[in-house]
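Each chain gets a letter, A, B and so on, in the order its sequence line appears, and its residues count up from 1. These numbers were taken from a predicted model, which means no experiment stands behind them.
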There are 2 protein chains.
Amino acid sequence: MSRKAQYNLDDVLSQSIDVFLEHGYHGAIMDEIIARTDFNRRGFYLEFGSKQTFLYTVLAHYQETQLNKIMHHLESNQGLPSIQAYFADYVKHVSGKGCLLINTITELGFDDEKVREVGRHYLDRLQIDFIGCLEKAASLKQITPNTNIESTALQLTSYVQGFAVNAVLAGDTDELELATQALLGPLAR
Amino acid sequence: MSRKAQYNLDDVLSQSIDVFLEHGYHGAIMDEIIARTDFNRRGFYLEFGSKQTFLYTVLAHYQETQLNKIMHHLESNQGLPSIQAYFADYVKHVSGKGCLLINTITELGFDDEKVREVGRHYLDRLQIDFIGCLEKAASLKQITPNTNIESTALQLTSYVQGFAVNAVLAGDTDELELATQALLGPLAR
DNA sequence: ACACTACCAGAACGTACGTTCTTTTTAGAT
DNA sequence: ATCTAAAAAGAACGTACGTTCTGGTAGTGT
């Protein structure tokens, strides 16, 4: 055996998230990706073969390490508090830079079926998780009894996307936090 | 005098909207823009000077001709029916390709203050229009009396963004129309 | 200590894209 | 009909970017 690579793949993927977030896919150039990761060009192409497949990998990593962590609140399923915790974390997460998955969908979704597929899968899962939490919340009598759970879940899912866009524009999180309260407040009984 | 340009600027701008919608800003290449508009390269650069300022012009044109037309429902201000008409039209408009303004915000917003500014202005206006309609709706007793108007307007504004993202993923309009009903139904008294 | 392996840094390559220039065509004025 | 000025078409240019290649280097095993 001989030398081992000195970059850690997970680190590289994490570092790349920001580059894509800031400039989008086409706007993120290899020079900056190389410079801001502890990566080298050769390693990059041996490992991934192309910028495109690299994006897919970063996207998967982003979901695993960031979005899933936030969604985990919903999957712990404590009812309404889980939803509140989810939104609190999500707002903090997207603040000032948005969501890589959403950005990728709007930039590449039209041309890239794989991106659309990943996006749909994510939204479906979000929707299902919201339903789970709302059902639990209903059974715990945390929300008003006549709440239409499926509709509400659909609304919450749409709302999350809206936040991701808003986050790019909003300077601070105040506005988004306010909006969240406005949203969840009326649900509670 | 002599020859007059045979392209019509409004037509060119309208035709370009689709190109940017499909591929984003960096993904839309000059060759395709030229090919799909009745424009010529020289005219393009005499008229706009660069791809970037062209985008700004297209964006302004997009707002004037498309978004404003849809927002006009809100500004006619018939209360709840105006909001319903707005969403119906908006869903139809973004279906399958999303919203150019939202796409531009997520692709370029981080780096481009001008884009952020245009985006904020648009969201503010949307929010204000929703407030106007909701107030009217309240005075006409079209919505449940204890509705918090500011909060609801903020929510509606977020939904609109969410729809723009969803529209890229959804094959047909059914899903989005369902979501709209789920959204507006509970408001009505 | 030495050799071997494969990693790192960055130069080099080729292509693709934004922009400019050249040629050709056309509409209007005389 | 002819001349002219400007517009259209697209060739040409330069640069920037994705990708590949090269030379030197640093671990690792003997």
Side-chain angles (χ1 to χ4, degrees), chain A residues 1-59 61 100 103-104 107-108 110-112 114-115, chain B residues 1-59 61 100 103-104 107-108 110-112 114-115:
Chain A
M1 231 194 289
S2 109
R3 250 182 116 180
K4 266 180 40 193
Q6 53 187 202
Y7 57 80
N8 173 282
L9 220 53
D10 280 353
D11 289 347
V12 168
L13 293 172
S14 295
Q15 291 153 352
S16 306
I17 289 172
D18 282 334
V19 183
F20 282 125
L21 265 175
E22 291 171 17
H23 310 300
Y25 173 69
H26 284 115
I29 68 179
M30 286 307 304
D31 283 0
E32 185 169 353
I33 293 173
I34 298 296
R36 289 176 60 177
T37 58
D38 28 59
F39 214 171
N40 65 87
R41 282 182 145 71
R42 186 124 181 82
F44 181 98
Y45 281 95
L46 285 174
E47 199 78 58
F48 300 107
S50 78
K51 187 183 175 189
Q52 180 172 203
T53 67
F54 180 63
L55 173 75
Y56 294 150
T57 312
V58 171
L59 218 49
H61 179 83
L100 180 60
N103 291 1
T104 307
E107 182 181 353
L108 305 177
F110 188 94
D111 284 327
D112 191 325
K114 181 162 183 146
V115 167
Chain B
M1 233 194 289
S2 106
R3 249 183 117 181
K4 266 177 41 188
Q6 54 187 201
Y7 58 78
N8 173 282
L9 221 52
D10 280 353
D11 289 348
V12 168
L13 293 172
S14 295
Q15 291 154 351
S16 306
I17 289 172
D18 282 335
V19 184
F20 283 125
L21 265 175
E22 290 170 18
H23 310 300
Y25 173 70
H26 284 116
I29 67 178
M30 287 307 304
D31 282 1
E32 185 169 352
I33 293 174
I34 299 296
R36 289 176 60 178
T37 58
D38 28 59
F39 214 171
N40 64 88
R41 283 182 144 71
R42 185 125 181 81
F44 181 97
Y45 282 95
L46 285 174
E47 199 78 57
F48 300 106
S50 78
K51 189 185 175 189
Q52 180 173 204
T53 67
F54 180 62
L55 173 75
Y56 294 150
T57 313
V58 171
L59 217 49
H61 179 82
L100 180 59
N103 290 2
T104 307
E107 182 182 352
L108 305 177
F110 188 94
D111 284 326
D112 191 324
K114 180 163 182 145
V115 167

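- Between A/Asp31 atom CG and D/dT15 atom P the separation is 16 Å, expressed in whole Å.
- At whole-Å resolution of the value, CD1 in B/Ile34 and P in C/dT20 are 13 Å apart.
- Screening A/Leu13, A/Ile17, A/Thr104 for a side-chain contact (heavy atoms from CB on, under 4.5 Å) with A/Leu59, the sole residue that qualifies is A/Thr104.
- Within 4.0 Å (heavy atoms only), B/Ala28 reaches sugar-phosphate atoms of the nucleic acid but no base atom.
- A/Asp31 pairs with exactly one of A/Arg36, A/Lys51, A/Arg41 by the salt bridge (charged side-chain N to carboxylate O under 4.0 Å, His left out) rule, that one being A/Arg41.
- The listed nucleotides are D/dT22, C/dT19, D/dG18; the one nearest the side chain of A/Lys51 is D/dG18.
- Remark: P of C/dT23 and CG of B/Asn40 are 17 Å apart, rounded to the nearest angstrom.
- Counting only heavy atoms from C-beta outward, the side chains of B/Tyr25 and B/Gln52 approach each other to under 4.5 Å.
- Phosphate proximity of C/dT19 to B/Tyr45: present, with a side-chain N or O under 4.0 Å from OP1 or OP2.
- Within 4.0 Å (heavy atoms only), A/Phe44 reaches no atom of the nucleic acid at all.
- At the heavy-atom level, B/Phe54 lies nowhere under 4.0 Å from the strands shown.
- Side-chain proximity of A/Lys4 to C/dT19, D/dT28, D/dT19: nearest is D/dT28.
- Two residues, B/Gln6 and B/His26, neighbour DNA chain C, and the one matched to the more 5' nucleotide by heavy-atom proximity is B/His26.
- Counting distance only, with no hydrogens placed and no angle test, the side-chain atoms of A/Arg42 and the base atoms of D/dT20 include no donor-acceptor pair under 3.5 Å.
- When distances run from any side-chain atom of A/Arg41 to the nucleotides C/dG18, D/dT20, C/dT20, the shortest one goes to D/dT20.
- By the 30° and 60° cut-offs, the orientation of the rings of B/Phe39 relative to B/Phe54 is tilted.
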